[in-house]
2 protein chains.
Amino acid sequence: MKEKKIIETRSKQEEDLGFKILGYLRRITRAINLNSKRLATENNLTSPQTFSLITIYHMGPLTLAEVASKVHLSPSTMVGIIDRLEVKNLVIRERSKDDKRQVRIRITEEGKKIAKKSPLPLQEELLESLSKLPEIQQKNLSKALKLLASILDTNHSSDKSLSADESCED
Amino acid sequence: MKEKKIIETRSKQEEDLGFKILGYLRRITRAINLNSKRLATENNLTSPQTFSLITIYHMGPLTLAEVASKVHLSPSTMVGIIDRLEVKNLVIRERSKDDKRQVRIRITEEGKKIAKKSPLPLQEELLESLSKLPEIQQKNLSKALKLLASILDTNHSSDKSLSADESCED
DNA sequence: TACAAATGATTCGTGTACGAATGAATATAT
DNA sequence: ATATATTCATTCGTACACGAATCATTTGTA
């Protein structure tokens, strides 16, 4: 009753909810980052690299902007990721013949092999932990994340992604 | 019924769940990043900087490692963040007298003013959107994120944070 | 006391991640 | 047809974000 001056410009419950959620999100993103780096040393591929490679594998030759859009990254970020995938001989850039501005990213045979057996980032621990939860909780989690994702990225431009399907209407 | 060769090394529903969740998480982290950068241009403080500053403001002078732990970042990351807060005259480093290895981060008067009125990252849009949801959904979201955060960072070291309170047991 | 181990901050190297600016190619307008 | 606008990839500058290595200080031990 006497330490009330700590937060005075925001109402208590709003502060609580926002601060908690942001804290959880920070922890989540950090865990994802750490996992990505661990995977990078073990499998020689970071999480964004793996995501991009699998996307290219599934959806055929794509332009750089298309890959970026599908994995929810900006083109300028994607340039570096493709650079690193290319020096590992997992993809190749080839200039489009009809529109010489475009660069088509094509997966190599080597890349296909990696894509086929490369674990999705976080897959192991996350799925194992998830499978221990009751199914209802798994559904809730997935729904909550989907909700949050759509809340957050309506504030920005919205292009459809590989994982933004609409088949989750329970 | 004929495109079944796309994913063959992983079972269908596991793949679905993991891939979806990871997709949501990527979108969420991206939205957070974008928001952080927007705030940086508007308020001259990024999201990690704001988090760190508010933490220092609330919890008094702290060592660099303590701040890092409380905002869930590594010390090496925190060095840069404190650097940038320092050149903006929001905090100052002072060598500890009893243990000259330690650096105590102290908030300045200028920093206090900023901390008091600085919006929590994402606060505006997120809270506004959240407040439109039924309360039960808000609770679910918070619980789901907390669950996911604890699943994810049990894989790593766990120190308690500013936001990791236990008062959410509904 | 002297010497090894541990600790705290920092530096270094790598990899995201972004927007703004750039340059080449294409499309559009006059 | 030529000038302008648009589009695509890239480069540049900034800021995270991490682990490994480093350096100074402190602590523990022989």
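Labels below follow one simple rule: chain letters A, B, ... track the order of the sequence lines, proteins then strands, and each chain is numbered from 1. Only a predicted model underlies this, so the values are computations on that prediction, with no experimental measurement involved. The analysis underlying the following values was restricted to heavy atoms, covering all of them including side chains, and did not include hydrogens, waters or symmetry mates.
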Rounded to 10°, the angle between the first-five-pair and last-five-pair axes of the helix from C:dT1-D:dA30 to C:dT30-D:dA1 is 0°
In whole angstroms, how far is the C1' atom of D:dC8 from the CG atom of A:Leu62?
-> 15 Å
Summarise how protein sits on nucleotides 10-18 of chain D as a single string, 5' to 3': B when a protein heavy atom is under 4.0 Å from the base, S for sugar-phosphate-only contact, - for no contact.
-> BB---SSBB
Residues in side-chain contact (heavy atoms from CB on, under 4.5 Å) contact with B:Lys88, at least two apart in sequence or another chain = B:Asn44, B:Leu45, B:Gln49, B:Leu90
Which is the 5'-most and which the 3'-most nucleotide of DNA chain C that has an atom under 4.0 Å from a heavy atom of chain A?
-> C:dG15 to C:dT26
A:Thr77: partners by side-chain contact (heavy atoms from CB on, under 4.5 Å), with sequence neighbours left out = A:Leu73, A:Ser74, A:Ile81
Length of the CG-P vector between A:Asp98 and D:dC8, whole Å | 13 Å
Are the side chain of B:Ser69 and the backbone N or O of B:Ala65 linked by a donor-acceptor pair below 3.5 Å?
-> no
When B:Lys97, B:Arg101, B:Arg95 are each screened for side chain to side chain donor-acceptor pair (under 3.5 Å) with B:Asp99, the one that passes is B:Arg101
Partners passing side-chain contact (heavy atoms from CB on, under 4.5 Å) against B:Arg93 (at least two apart in sequence or in another chain) = B:Leu64, B:Val79, B:Ile82, B:Asp83, B:Glu86, B:Val103, B:Ile105
Does B:Lys112 have any salt bridge (charged side-chain N to carboxylate O under 4.0 Å, His left out) partners at least two apart in sequence or in another chain, and if so, which?
-> B:Glu109
Side chains of A:Ile56 and A:Met59: closer than 4.5 Å at any heavy-atom pair?
-> no
List for me each residue that meets side-chain contact (heavy atoms from CB on, under 4.5 Å) alongside B:Asn89, sequence neighbours excluded, and say none if there are none.
-> none
pair B:His72-B:Phe51: side-chain heavy atoms closer than 4.5 Å | no
Those residues at least two apart in sequence (or on a different chain) that pass side chain to side chain donor-acceptor pair (under 3.5 Å) with B:Glu94 are B:Arg106
note: B:Asp99, atom CG; D:dT26, atom P; distance rounded to Å ~ 5 Å
